[in-house]
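Here is the structure we will look at.
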Amino acid sequence: MLARRLFLPSRRLTHRLVNPIFTHRVRYVSSNSADAVPSATPSSPNHLSKEELDKIIHLMERDPLILMEVVAHLKPEDRRRLIVAGGAVEWFGKDSAEREVRAADQDNDRQISPKDFDHWFENAQRRKQEEKKKKAAEKEAEQKEKKGVEATAESTTTSTKTKVITGAVPFAALCLIGLEAGLPFVGFGFLDNATMILAGDFIDGTLGFYLNCSVLASAAMGNVCSGMLGMQVHGLIDKAVQKLNFNTPVLTDEQMKDRRVFFAGHLGGTIGIMIGLTLGMLPLLFMDNDTNEKTDYAMFQRWDINNSGFVEKAELEKVLVELGLSETETKATLLMKKYGQNNRVNFEQFCDFKDDLREGKPIFEA
């Protein structure tokens, strides 16, 4: 309790001290050296003296909540500038703070907008990853040299590959960009088409059979299932491709605006989705395409005029008349005796009748 009472005055003191001048200090970094502390005089209230700065640092180290309060009271643009400066020191060293703050302010209005911050953060992450790749390559080269492996030329080539490309983008880099853009579409296209075919065939043989849906209607319902599955797994496909680690070169902002880079990614995605959709048709090779049962059911429904679920003798005789046969009453009686029961035929008996017709067996013989 006593410690809490001791800290509360310090917190209020820091708030009074930091609130009017800390914001100016953050802005000052963007136009002056990141490490230089301007000499303060009593007549310059906008500058911090070394004693004031040390006191603020000491208070923040004793109570981290003070730092949270300071950051919470900053304006959004100053908070973003502080994050840029802190991130630059953390990732690229103290000497890079001024350079990174200036780079983040793209429109040179001395304010870092949310768009400026997002662009800087993405670019800084890319450069940090590139730096890690370069350090890993150098470490690998050193290990090979210690073991006496003669791989100096190979390690140099590897380290060269991880450098940022300057000037015109070479054709090999464009191919890697197209390959990296196309591979996710191969997986997505295969999954989309294969799921649509399998789900559409299942629906066509179950729900579509009883609703007498067309093949296109069943395929459309299968496409709905394919789209829902694609939304669940598209992130997994991207992660799987990233694990392949193609070592795609890092491009500058100007190179990213190059039309050749755009067309390389666009063409790679187009070819990838075409290959994926083609591979997705492979299930057709293993599916039974016999549609006789569905056709027979549609014909059975047409012959069952009164929708009783049976083809009765009078309905069968009417069908024989439409087919232009003679002695329809006698032939209808023979068919009912051979395939039906109680002068009517259910769907299973109707299928037996159709199978005999397809095999060329005599159907009007007892």
Side-chain angles (χ1 to χ4, degrees), residues 26 29-36 71 78-108 112-147 149-181 183-184 235 238-258 260-262 264-265 268:
V26 174
V29 173
S30 64
S31 58
N32 297 278
S33 174
D35 296 327
V71 174
D78 295 329
R79 191 180 302 119
R80 288 189 290 269
R81 190 183 304 276
L82 178 62
I83 295 174
V84 171
V89 173
E90 180 69 22
W91 285 353
F92 308 111
K94 291 183 178 180
D95 297 335
S96 64
E98 178 185 0
R99 182 181 69 251
E100 294 298 327
V101 171
R102 291 182 183 276
D105 185 13
Q106 290 189 325
D107 47 9
N108 296 322
I112 300 178
S113 64
K115 183 178 179 180
D116 292 340
F117 178 79
D118 292 341
H119 182 272
W120 174 85
F121 187 74
E122 181 180 356
N123 184 271
Q125 277 191 321
R126 190 186 305 119
R127 286 184 284 123
K128 184 63 177 178
Q129 292 175 357
E130 185 61 29
E131 184 179 349
K132 288 182 179 179
K133 290 181 181 180
K134 186 176 180 180
K135 289 181 178 180
E138 293 175 353
K139 185 177 180 180
E140 183 180 357
E142 291 178 359
Q143 292 177 351
K144 288 183 178 180
E145 187 176 356
K146 289 180 181 179
K147 294 179 181 179
V149 180
E150 297 178 356
T152 307
E154 183 178 356
S155 62
T156 303
T157 304
T158 304
S159 62
T160 304
K161 288 182 180 179
T162 59
K163 292 181 179 179
V164 178
I165 296 177
T166 57
V169 182
F171 180 75
L174 294 175
C175 293
L176 281 176
I177 293 171
L179 181 62
E180 188 175 23
L183 278 181
D238 291 336
K239 291 180 180 179
V241 173
Q242 291 175 0
K243 289 183 178 179
L244 297 177
N245 193 15
F246 284 104
N247 199 17
T248 305
V250 178
L251 304 180
T252 62
D253 294 337
E254 292 296 327
Q255 291 171 333
M256 290 294 293
K257 298 177 182 178
D258 191 350
R260 296 191 306 157
V261 175
F262 169 77

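Heavy-atom basis, side chains included; hydrogens, waters and symmetry copies ignored. Computed from a predicted structure; not experimentally measured.
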Test: Lys135 and Glu131 ion pair at under 4.0 Å: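 A salt bridge is present here (some side-chain N lies under 4.0 Å from a carboxylate O).
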State which residues pass side-chain contact (heavy atoms from CB on, under 4.5 Å) with Gln129; sequence neighbours excluded, sorted by chain then number.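 Result, side-chain contact (heavy atoms from CB on, under 4.5 Å) vs Gln129: none returned.
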Minimum-distance pair of heavy atoms, taken over all atoms of Ile177 and Gly265: CG2-N, 4.3 Å
Ile112 and Arg80: which non-hydrogen atoms are nearest, and at how many Å?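 Heavy-atom minimum between the residues: O-NE, 2.6 Å.
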To the nearest 0.5 angstrom, please state how far the [atom1] atom of [X] sits from the [atom2] atom of [Y].
X      : Y      : atom1 : atom2 : value
Glu142 : Lys139 : CD    : NZ    : 9.0 Å
Arg260 : Phe171 : CZ    : CZ    : 9.5 Å
Ser113 : His119 : OG    : NE2   : 11.0 Å

